[in-house]
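Comments concern the structure below.
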Amino acid sequence: MSLLAIREITRRFGAQTVLDRIDLTIEPGEVHAIVGENGAGKSTLMKILSGALTPDAGEIRWEGIPVRLASPQAARARGIAMIHQELALVPGLSVAENICLGEVQPWWRRVDYRQLEATARTVLERLGQSIDPSLPVSLLNLPQQQMVETARALRERSRLLILDEPTAALTAQQTEQLFAVLRRICAEGTAILYISHRLEEIFALCHRVTVLRNGRRVHTAPVADLNMAEVVRHMVGHSLEVTSHRSPRRTATPLLSVAGLHSGPLRDITLDLHGGEIVGLVGLAGAGRSRLVRALFGAQPIEAGEIRLEGKAVRLPSPQAAIALGIGLLGEDRKRHSLIPERAVRENIALGSLALRSRWGVIFSAAEQMACQQLSQQLRLKTRTQESAIRTLSGGNQQKALLGRWLLAGCRVLLLDEPTRGVDIEAKAEIYQLIRVLAAQGTAILVVSSDLPELTQLADRLLILHSGRIVSEQKPPYETASLLAQAMGLPVD
Amino acid sequence: MTDVTPKTQNPVAAPPSAVREWFARQTTYGPAIAVLVELVVFSAIAPGFLSLDNLINISLQTAITGILAVGMTLVILTGGIDLSVGSVVALSGVSAALVAQSGGPGLPVALIVGSLVGTLTGVLVAYFRVAPFVVTLAGLTIARGIAFLLTGGRSVGSLPKDFTVWGQAVIGIVPLPVIVMLVVVALGYFLLTRTVFGRQIYAVGGNAEASWLAGVPVRGVQLAVYGINGFLAGLAGAVLAARLGAGIPNSGQNYELDVIAAVVVGGTSLSGGRGGVLGSLLGALFIGTLNNGLNLSGVDPYLQKIVLGVVILAAVLIDSAGRKRH
């Protein structure tokens, strides 16, 4: 009998179906991989299995018995433990305390630390780890913390571990150690659901693989029966996407040029952005996409390298300095990076260019109202008035208004990080149109997106970022499968 | 690129709609109604409440709180807090009195002392990332301690006339402190609604990270609001010392609580980004009127404290309930 069997699991968010009748079985002792592009539904599925979300329809059977996983606690009680991308440990507590955290004891009982540590040591030994259980977790490095979390799951006798991108921050050697531990756990009969972008890991570790695409399960097979190219083909669909390509009127000399830039995970980034062209940046989560656009906007320190604007070397110590040079960034997370939610639409739009419509620090109110009014019409902004708080607008209209912030500032270089995330289809099309118009007017545009079709549709050329390096440059017609393979760091023939 | 003059671009804003729009944009109807209700109730129950003398008296009582409330509003709008204002009032008051007593310029000294304390607070908050609650709590006891050290714990009296006018002069029927307060409120209103700096204050309080990414010098804004708040505490300190005719190291105790209450009753959100000085002025009037009215109604002073607390809670609860419905 399967340990876990789900049938026809469906989940909608509003009008969007993110999971469409998913079937899946997991056997004891099996490592089962889930792969798919960003937005394929992987994380929604994991949330359902770990009890963080409930499905709209479908059935979950645990050892043949139908169950409801109404909360993470309920899932944990059944023996399903999720090990998160962001670890869920209490940094100030010791390793032993963290491992035994879920233990229910009467509150008046004295904690027997010696026993706690002995328990923790036994579990860690099962994992082949020699971490001192009395150390506070904050002193451990990331792979050790991962081990502590895994140990906690084992301590709770979890029978299904869900790992979401566990190797994202690990070195090759640490990854190998993790795999050794996971193999050992499986040999004891625990099942593992393994999510990763890195196909080579899946082929090294997993027994079976399930491919999701656009919320549907498209393929499940033993890993031994597949090769990487086939998996990629299932992930992107069969069509070899060729998009019509507009010829850009790009400037002869680059507007922004970057040479040998190092910043955090970014290594030796060299790129040119010409006025009038749209350049797409392809990469997996964690490849350094956002870091790159933020560094070019002065929001992340640059450790080495040179940035030139129209041939002149510039320094970008702060976003303020970047904006003064005519660079704008539409941040990845609208709520966190862009919105002043309680303030009026007008104030949000005007915020990036207050100096242009003021003298001696006093704002020309009429000029500002006029400019924002015109812009709203141009953007076809759906808002009752300019004075409504921007939080009352839909996501798409918020995004248009925030793009308007940089239009009003007259940016020559526009950096767009996930410009259509959480935006409805209509607004999406309008944003694409706006980006094209801006490029036609001579703006240099760099777009980061997890949505590959979005990039192949928009970009005049694509740069592929893998582990902090630009590994290749592609011109249309783009071949989606090959782009994805390169972003995953696979060799391309 | 600043040649876009407002004159050339005045399209649809005909005067009547501009006035209507101004009214539509105000968020201070709650506090305004509350003050009106108070006036009506106390006129009915408190003997002598509705006399000109008493109303002028209320406005004089409110003047110090009102001046301080403007600075506090700026600080709270950025998401901060300043607990030290009462002590800064005392410190700047005694500094001014000491200088004025020996014939020096009292008022400027108070302004400088206040600004210095405020700027120091601002530096610690903005550049050393210390929580404003902690910085200003320390400032509260330090400033009070310095005020006592400077005077040996005694009041500094017999001040020259050219200093005491700031607290005692009356223009027409209006006391000078009231005029000072109104000027400060007007400047604060202009700063918040019409200037780049005001816009940046709201932005920082609304979302500091987004503001930084929109080019707002977040730390500079934080430093400036504490500096201005200190300056206004210095001004209030001078006015208070002038009114009392003495620099008193004990004065200004618990003012920070009255001032914060006035700002909150006036509808400014303690989490920042929402509110304004008109509301704070009304909040200060509300509290001043309440104290005065309860006194005149002969309510037990101990009971007054309880009433004040309950009324503040009720005002804020009603306000937030109204906001949710919107």
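Values in this document were obtained by computation on a predicted structure and should not be read as measured data. Numbers restart at 1 for each chain; the letters A, B, ... are given by sequence-line order, proteins then strands.
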| field | Contacting region of A:Trp406 [heavy-atom separation from chain B under 4.5 Å] | value |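 The side chain, not the backbone.
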| What part of A:Ala350 gets closer than 4.5 Å to chain B, counting heavy atoms only: side chain, backbone, both or neither? | side chain
| message | Taking the basic N atoms (NZ, or NE/NH1/NH2) and the acidic carboxylate oxygens, is any pair closer than 4.0 Å for B:Arg194 and A:Glu368? | response |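 The answer is no: the pair does not qualify as a salt bridge.
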| said: Using a 6.0 Å cut-off, check whether atom CZ of B:Arg129 has over 12 heavy atoms from anything other than its own residue. | reply: yes
| said: Tell me whether the count of non-hydrogen atoms from other residues, nucleotides or ligands lying under 6.0 Å of CZ in B:Phe190 goes above 12. | reply: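 Check passes, neighbour count above 12.
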| request: Report the C-alpha distance between A:Phe297 and B:Leu213 in whole Å, list the side-chain angles of each, state the deciding distance to 0.1 Å, and finish with yes or no for side-chain contact (heavy atoms from CB on, under 4.5 Å). | output: CA-CA 9 Å; A:Phe297 187 62; B:Leu213 288 172; 3.9 Å; yes
| query | Are any side-chain N or O atoms of A:Arg343 and backbone N or O atoms of B:Gly273, one a donor and one an acceptor, separated by less than 3.5 Å? | reply | yes
| Heavy-atom contacts under 4.5 Å, residues 319-342 of chain A to chain B |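 The residues closer than 4.5 Å to chain B, in numerical order, are A:Pro319, A:Gln320, A:Ile323, A:Lys335, A:Arg336, A:His337, A:Ser338, A:Leu339, A:Ile340, A:Pro341, A:Glu342.
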| Among A:Val362, A:Ile363, A:Leu351, which residue meets the side chain to side chain contact (heavy atoms under 4.5 Å, CB included) test with B:Val196? |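 Of all the options given, the one that passes is A:Ile363.
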| field | Selection from B:Ala208, B:Pro217, B:Gly206 maximising heavy-atom pairs under 4.5 Å formed with chain A | value |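 Of the options given, most contacts go to B:Pro217.
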| query | For chain A, which of B:Ala203, B:Gly198, B:Ala210, B:Ser211 has the most heavy-atom pairs under 4.5 Å? | reply | B:Ala210
| request: Calculate, to the nearest 0.5 Å, the distance between atoms OG and CZ belonging to A:Ser318 and B:Arg219 respectively. | output: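 With rounding to 0.5 Å, OG (A:Ser318) is 11.0 Å from CZ (B:Arg219).
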